[in-house]
2 protein chains.
Amino acid sequence: MAALTIGQVARQSGVGVETLRFYERTGLIEEPPRRDSGYRQYPVDTVRRVRFIRRAKALGFTLKEISDLLSLRVDTDSTCADVRDRARSKILDIEERIRRLEGMRDALKQLAATCAKEGRTSECPILEALYRKEQDDDEG
Amino acid sequence: MAALTIGQVARQSGVGVETLRFYERTGLIEEPPRRDSGYRQYPVDTVRRVRFIRRAKALGFTLKEISDLLSLRVDTDSTCADVRDRARSKILDIEERIRRLEGMRDALKQLAATCAKEGRTSECPILEALYRKEQDDDEG
DNA sequence: TTAAACCCCGTACCCTACTACAGGGTCAAG
DNA sequence: CTTGACCCTGTAGTAGGGTACGGGGTTTAA
């Protein structure tokens, strides 16, 4: 199976070479095998992993959270039931994020519509739109 | 209308006093009027604004992006059409995030289900689940 | 066989978004 | 009229997540 150099992985996954070394230091990607020269030899799979990291980061997950997500597997340390529970808790977390984003989207839609009609908007229309229904849940 | 001290705003919106001063320095919240003593006097509205900032941050928006969202209004510098366009572009952005989160959620659901059946999972099942359909779109 | 393009390690630096003093004034309760 | 909680303005430090050298070895294609 073809192995990739760090530069190839970097280009294919859209991050810098330094970032890959940084991810390795912090344990987010495994230390790859080396050639005799010391050059890293990445399995092609690494590209997929790094792309996932990049996307998850763009969605607001921290590297710690991403690491948790990527380590969801049944192994010597975690049972099937444990993995299932952790996955479910992540699902709830993600669904909460989706709901909040939908709230923002709807507020923006309302703003765009209102603006089209009235041609003038309030002091901070997105807050108006978001809170019009007084949905004041208080989360931590 | 009742005005709030910085400490009251902080407690009611779930951030620290220092954070409010920081947001003021960076222009994310307006400089409030002061008493003769120099104490800040916040309008009650500020609480709503700061809560929004906190939530948007948790969703992965940067302070810069949040500032853009909050400044979506028709004023001397921006026309209605301009606001509408910016709102629509934010909507597309948010919908993209929602789609990606739904993808992650579905992958996690599949993982939880697979795990229940097979009791043992692959090296990185969430990546397996996410990429099973080889949906390799390449975004910047 | 050499020159461009890569790779190695280590350390230092950068940006964002806070967070924590220090040193000093203010306010409300008792 | 004092005491403790609160506020003020600096300025400095921190954590997370990279990014940029410096100094040097390796590959590869001409």
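A, B, ... follow the sequence lines: proteins, then strands. Residue 1 opens every chain.
Residue contacts shown for B/Arg21 include a base, since a base heavy atom lies under 4.0 Å away. Within the nucleic acid shown, A/Gly16 has no heavy atom closer than 4.0 Å to any nucleic acid atom. When heavy atoms are screened at a 4.0 angstrom cut-off, A/Lys57 is found touching the sugar-phosphate backbone but no base atom.
Straight-line distance from the CD1 atom of B/Ile66 to the P atom of C/dT16: 14 Å, rounded to whole Å. Atom pair B/Glu24:CD and C/dA17:C1' shows a separation of 16 Å (rounding to whole Å applied). In this entry the distance linking CD1 of A/Ile6 with C1' of C/dC8 reads 9 Å, nearest Å. When rounded to the nearest whole Å, the span between OH of A/Tyr42 and C1' of C/dC6 equals 13 Å. Here the C1' atom of nucleotide C/dC7 and the CG atom of A/Leu20 are 13 Å apart, to the nearest Å. Atom CD of A/Glu31 and atom P of C/dC8 are 12 Å apart (whole Å). Rounded to an integer number of Å, the gap from A/Arg25 CZ to C/dC9 C1' is 10 Å.
In this structure, B/Ser37 reaches the C/dC27 phosphate: one of its side-chain N or O atoms is under 4.0 Å from OP1 or OP2. Close to C/dC8, at under 4.0 Å from its OP1 or OP2, lies no side-chain N or O of A/Arg35. Close to C/dC18, at under 4.0 Å from its OP1 or OP2, lies no side-chain N or O of B/Thr19. Here B/Arg34 does not reach the OP1 or OP2 of C/dT26: none of its side-chain N or O atoms lies under 4.0 Å away.
The nucleotide whose nearest atom lies closest to any side-chain atom of B/Tyr23 is, among C/dC27, C/dC18, C/dC21, C/dC18. Closest to the B/Thr62 side chain, of the nucleotides C/dC6, C/dT19, C/dA17, is C/dA17.
The pair A/Arg99-A/Glu96 counts as a salt bridge, with a side-chain nitrogen and a carboxylate oxygen less than 4.0 angstrom apart. The pair A/Glu31-A/Arg25 fails the salt-bridge criterion, with no side-chain N (NZ, NE, NH1 or NH2) lying under 4.0 Å from an Asp/Glu carboxylate O. Look at B/Asp68 and B/Lys64 and you find a salt bridge, because one of the NZ, NE, NH1 or NH2 atoms lies within 4.0 Å of a carboxylate O, short of that distance.
Note that CZ of A/Phe61 is 4.5 Å distant from CD1 of A/Ile94, once rounded to the nearest 0.5 Å. Rounding to the nearest 0.5 angstrom, the gap separating the CZ atom in A/Arg105 from the CG atom in A/Leu108 is 10.0 Å. To the nearest 0.5 Å, atoms CD (A/Glu65) and CG (A/Leu69) are separated by 7.5 Å.
Toward the 5' end of DNA chain C, the nearer of the two residues B/Ile53 and B/Glu18, judged by each one's closest nucleotide, is B/Ile53. Nearer the 5' end of DNA chain D, as judged by each residue's closest nucleotide, is the contact made by A/Phe22, out of A/Phe22 and A/Tyr39.
Nucleotides of DNA chain D that come within less than 4.0 Å of any heavy atom of chain B span, from the 5' end to the 3' end, D/dC6 to D/dT9.
Although no hydrogens or angles enter the test, the distance criterion places no donor-acceptor pair under 3.5 Å between the side chain of A/Arg97 and the main chain of B/Leu59. Between the side chain of B/Arg73 and the main chain of B/Leu70, a donor-acceptor pair closer than 3.5 Å is present.
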